[in-house]
Amino acid sequence: MKFTILTIFPEMFAPLQESILKRAQDANLIQIKLVNFRDYAESKHKNVDDIPYGGGMGMVLKPEPIHRAVRDSQREDQRQRIILLSPQGRVFDQRTASRLAAYEELVFICGHYEGFDERIRVLADEEVSIGDFVLTGGEIAAMAIVDAVSRLIPGVLGKESSSEEDSHSGGLLEYPQYTRPPDFEGMKVPEVLLSGHHKKIQEWRRKESLRRTFLRRPELLDEAQLQTGDWELFEELVLEYPELASYRSKWEHLKPRSAKIRKKKDS
Ligand code: ADE
């Protein structure tokens, strides 16, 4: 997968040359190309910004250098996606990361300074924000997206690790993890994880994942990919957190018919 990043601050991207992303580039699983769109400025002083029409504070990125830079990187097929980073874009999430990972090339346009000329927007296939806060430019946002998308590319995380059990991958938060020692200053690793009982461990992890999601980000349950056995785990959790019962419609359809009939008889 190729990432082309249009920016006037290519030096900001040093973090992409470390750790897992460095290894992925060395293995040619991903390529990162930095394009300084100041090189596309025509004026003698290579100006990329100017004062805003209508007055106001700050400077605005000019349309010409960015248009020329994008034209130079543009391909004629559908496997390339041009993304404008801006706090006005759709908020990036794990689902967007998976969708973007299917392209062959992502081109990022990083705005900087106070804003960009509105005529830059027409270049983008989509506009993406990394959250409801304002950064000094799109560079850090681009890095976050390159990182999140890269780790979904097969081989990038290595053989042993997989992104499938990550927080958010099925719309749920990840279960708690432990390593040695089994007892750290009185804080014990849950017994079940030491048991070696694979099925019980899987079940515990799923339940803790549901618990975490409910306690920390209940709104994620609306979109989460729930599984057949989840209803039983939810019913167990309802006994601990009666407020969870108001979400029952989310997992009711997972109940096998026999369980529904049993419930009717019980009541
Ligand atoms: N540029 C400035 N703020 C941003 C944000 N939140 N997301 C993406 N790009 C930005």
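As a basis for the values below, the full set of heavy atoms in this structure was taken, side chains included, without hydrogen atoms, waters or symmetry mates. Numbering of ligands and ligand atoms starts at 1, following listing order.
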Item to check | Atom pair CG (Leu6) and CZ (Arg38), whose distance is rounded to the nearest 0.5 Å | outcome: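 Nearest 0.5 Å value for the CG-CZ distance: 14.0 Å.
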Checklist entry - How long is the span from the NZ atom in Lys2 to the CD1 atom in Ile32, to the nearest 0.5 Å? => result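 The NZ atom of Lys2 sits 12.0 Å away from the CD1 atom of Ile32.
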Checklist outcome for this item: Within the 4.0 Å heavy-atom cut-off around ligand 1, the contacting residues, ordered by chain and number, are Leu85, Ser86, Pro87, Val128, Ser129, Ile130, Gly131, Phe133, Val134, Leu135, Gly137, Ala141
Checklist entry - Is it the case that Arg99 and Gln94 place a side-chain donor and acceptor less than 3.5 Å from each other? => result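 No donor-acceptor contact under 3.5 Å links the two side chains.
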Checklist entry - Among side-chain atoms of Asp93 and Thr96, is any donor-acceptor pair under 3.5 angstrom? => result yes
Next on the checklist: Using 30° and 60° as the class boundaries, would you call the ring planes of Phe3 and Phe108 parallel, tilted or perpendicular?
Outcome noted: parallel
Checklist entry - Aromatic rings Tyr178 and Trp204: how do their planes relate, parallel, tilted or perpendicular, breaks at 30° and 60°? => result tilted
